[in-house]
Amino acid sequence: MTFSEFNFVAELQEGLDAMGFEKPTPIQEQAIPIIMEGRDLIATAQTGTGKTAAFILPVLNQISQSQKKGVKVLIIAPTRELAIQIDQQIQGLAYFLGISSIPIYGGGDGNTWEQQRKALELGAEIVVATPGRLIALLAGGKVKFDALENLILDEADRMLDMGFSDDILTIIQHLPKKRQTLLFSATMPPKIRKFSQQILHDPEQISIALGKTAKGVSQYVYHVYDGQKEALVNHILKSQDFQAVIIFCSTKDKVKSLFKTLKKQFQVEAFHADLDQSEREQIMSAFKNKSLKILVATDILSRGIDVEDIEMVVNFDTPNDPEDYVHRVGRTARAEKKGKAVTFVNEKDRYKYRNIQNLIGLEIEVVPNPEEIGPGPDLAAASSGKSYGKSAGGAKPKGKKNKFKSKPRSNPSTKPRENPESGEKKPSSVKSSDNKFRKRKNIKDG
Ligand code: AMP
């Protein structure tokens with residue numbers, strides 16, 4: 001299928017050509033016709049699938065033909081990074097349409113607040129907002145949504161996890177009842193279905209296979225003791241001249257500590273919830289333009305952030321939630337590019353690792369530790385979810401040669417150091433969704 005089959009207005013097709021989008025992704029093929037019919041929609045799709053353009057394109061096509069004045073489209077997203085990114089994609093696709101959009105998010109100084117308020121009052125045609133800041137602006141009473149035609153909720157599951165459901169319902173009270181509503185979510189737990197019943201009207205539903213990581217990602221696992229992790233990440237980073245790497249840690253303290261170690265040898269920055277808005281923007285812009293090559297981050301960066309050509313994602317800590325694995329790994333191999341994802345698994349994380357393999361439906365290849373790091377724990381029994389604890393039939397380390405060869409160091413240390421992880425409080429019996437809720441409350445951004 002090609003984009004021309006959607007019969008978009010010529011200026012939008014020009015935008016697609018300029019962005020280099022040649023053919024629609026599966027979510028775009030499915031979602032665009034439904035949205036163009038004017039139906040409400042619930043779509044299960046992860047980032048990396050092209051979901052942003054799946055809602056932007058038909059909506060741009062629609063409002064390019066609308067005579068109304070004022071805000072016509074409101075997109076609500078969980079974090080400022082995602083809001084900025086959606087706004088940037090709109091600006092790219094809408095370039096030849098002359099449609100204006102503005103991102104509205106928390107943080108920033110008084111000037112930003114004033115600019116956002118003015119743009120809202122003047123009626124930018126598309127507003128991309130985080131819930132908290134939009135509520136604050138609405139409280140001023142001057143912002144009007146009378147001309148609104150489309151409401152889009154992006155990453156709805158994450159917004160509910162972050163405790164935004166009341167804020168979203170409050171915002172909706174300010175919107176016309178007659179509108180088209182689209183809800184995109186990476187997962188579709190019952191609470192999202194219930195929530196969607198409150199705000200959508202007779203929606204169509206589509207789902208792009210959940211839990212599958214992008215095709216172009218080569219995935220590897222190292223079995224390590226905590227005390228080996230820093231040496232191993234050093235080894236991997238030195239093995240190649242990487243241009244874009246994200247290293248995910250489970251807590252901001254760990255991000256800070258790994259950052260401190262790595263910055264002695266590499267040009268690296270740390271990205272976590274303690275940074276203020278301008279620090280975040282500076283880091284993201286350096287990472288995007290490749291003047292910064294290595295980023296150590298918490299999961300605040302794992303969803304929805306679109307940086308071109310990330311070569312490798314390193315899970316310094318195994319993600320707590322299998323879905324977080326998919327999101328982290330989704331930072332690489334975007335839109336059919338190639339990428340690499342490397343996960344460190346220690347003895348405590350074997351259950352999380354098993355759950356990840358079950359969710360993605362793949363057995364991740366185990367790479368033996370480099371000689372200078374020394375052998376890690378034997379986790380073979382846990383490496384295949386389905387046979388864990390039952391028989392010896394589970395996946396064994398395949399003994400493939402080391403993927404990240406580098407010259408041996410002069411002072412090899414083969415003895416793991418004692419450095420127990422501190423941030424892991426979740427017993428494996430706690431349901432992942434409960435844990436996600438606690439964890440994400442800490443990174444409320446809007
Ligand atoms: P998303 O899932 O919306 O975060 O999109 C992931 C990446 O795919 C972004 O960099 C988009 O610019 C890109 N993209 C979206 N749709 C297409 C397409 N049809 N062809 C090529 N790239 C695309």
Side-chain angles (χ1 to χ4, degrees), residues 1-6 8 12-33 35-36 41 43-61 73 75-95 101 103 126 128 152-158 182-187 206-217 244 246 284-285 287-290 300-311 313 323-324 326-339 341:
M1 174 172 206
T2 61
F3 278 113
S4 60
E5 291 172 51
F6 294 126
F8 290 143
L12 185 53
Q13 185 61 51
E14 259 185 274
L16 277 166
D17 297 341
M19 296 277 282
F21 291 9
E22 285 168 9
K23 57 181 181 53
T25 64
I27 183 79
Q28 291 162 3
E29 266 187 37
Q30 288 188 44
I32 292 173
I35 301 172
M36 287 178 87
L41 174 71
T44 312
Q46 303 151 215
T47 51
T49 55
K51 69 172 169 71
T52 316
F55 60 76
I56 291 174
L57 287 166
V59 158
L60 280 177
N61 193 61
V73 180
I75 302 170
I76 308 181
T79 62
R80 63 193 95 181
E81 282 77 22
L82 186 57
I84 292 170
Q85 190 183 295
I86 295 170
D87 179 64
Q88 283 168 348
Q89 214 171 124
I90 295 171
Q91 303 214 357
L93 291 168
Y95 187 80
S101 71
I126 305 180
V128 191
I152 299 155
L153 303 174
D154 195 14
E155 302 210 345
D157 52 348
R158 193 172 183 203
L182 315 172
L183 181 146
F184 283 74
S185 190
T187 58
I206 56 176
S207 171
I208 289 297
L210 173 71
K212 303 286 178 232
T213 39
K215 260 197 248 140
V217 192
I246 303 181
M284 281 319 291
S285 118
F287 193 62
K288 281 187 178 180
N289 70 28
K290 303 280 192 303
I300 192 170
L301 203 76
S302 74
R303 291 197 183 209
I305 300 309
D306 184 24
V307 177
E308 297 280 314
D309 302 328
I310 290 176
E311 289 171 284
V313 165
E323 282 150 16
D324 284 337
V326 177
H327 284 293
R328 288 184 185 184
V329 169
R331 301 307 89 226
T332 180
R334 292 167 80 73
E336 302 186 359
K337 294 206 173 101
K338 296 267 178 252

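Remember, it's 1-based here, ligands and their atoms both numbered in the order they're listed.
In this structure, Ala83 and Val128 approach most closely via the heavy-atom pair O-CG1, 3.6 Å. The shortest non-hydrogen separation linking Ala186 to Thr44 is O-CG2, 3.6 Å. The nearest pair of heavy atoms linking Pro24 to Met1 is CD-O, 3.4 Å.
Checked against a 3.5 angstrom limit, the closest N/O atoms of Gly50 and ligand 1 fall inside it.
The CG atom of Asp154 lies 4.0 Å from the CZ atom of Phe55; values are rounded to the nearest 0.5 Å.
For the residues Gln28, Gln89, Gln85, the heavy atom positioned nearest atom 16 (N) of ligand 1 is part of Gln28. Between atom 17 (C) of ligand 1 and the options Phe21, Phe184, Phe55, the minimum heavy-atom separation is to Phe21.
Residue contacts with ligand 1 for Lys23 involve N, CA, C or O but no side-chain atom from C-beta outward (heavy atoms, distance under 4.0 Å). Residue-level proximity to ligand 1 for Phe3 is carried by the side chain, the only part with a heavy atom below 4.0 angstrom.
The contact set between ligand 1 and Thr52, taken as ligand atoms under 4.0 Å from a residue heavy atom, comprises 1 (P), 3 (O), 4 (O).
With hydrogens and angles disregarded, a donor-acceptor distance shorter than 3.5 Å links the side chain of Gln28 to the backbone of Gly50.
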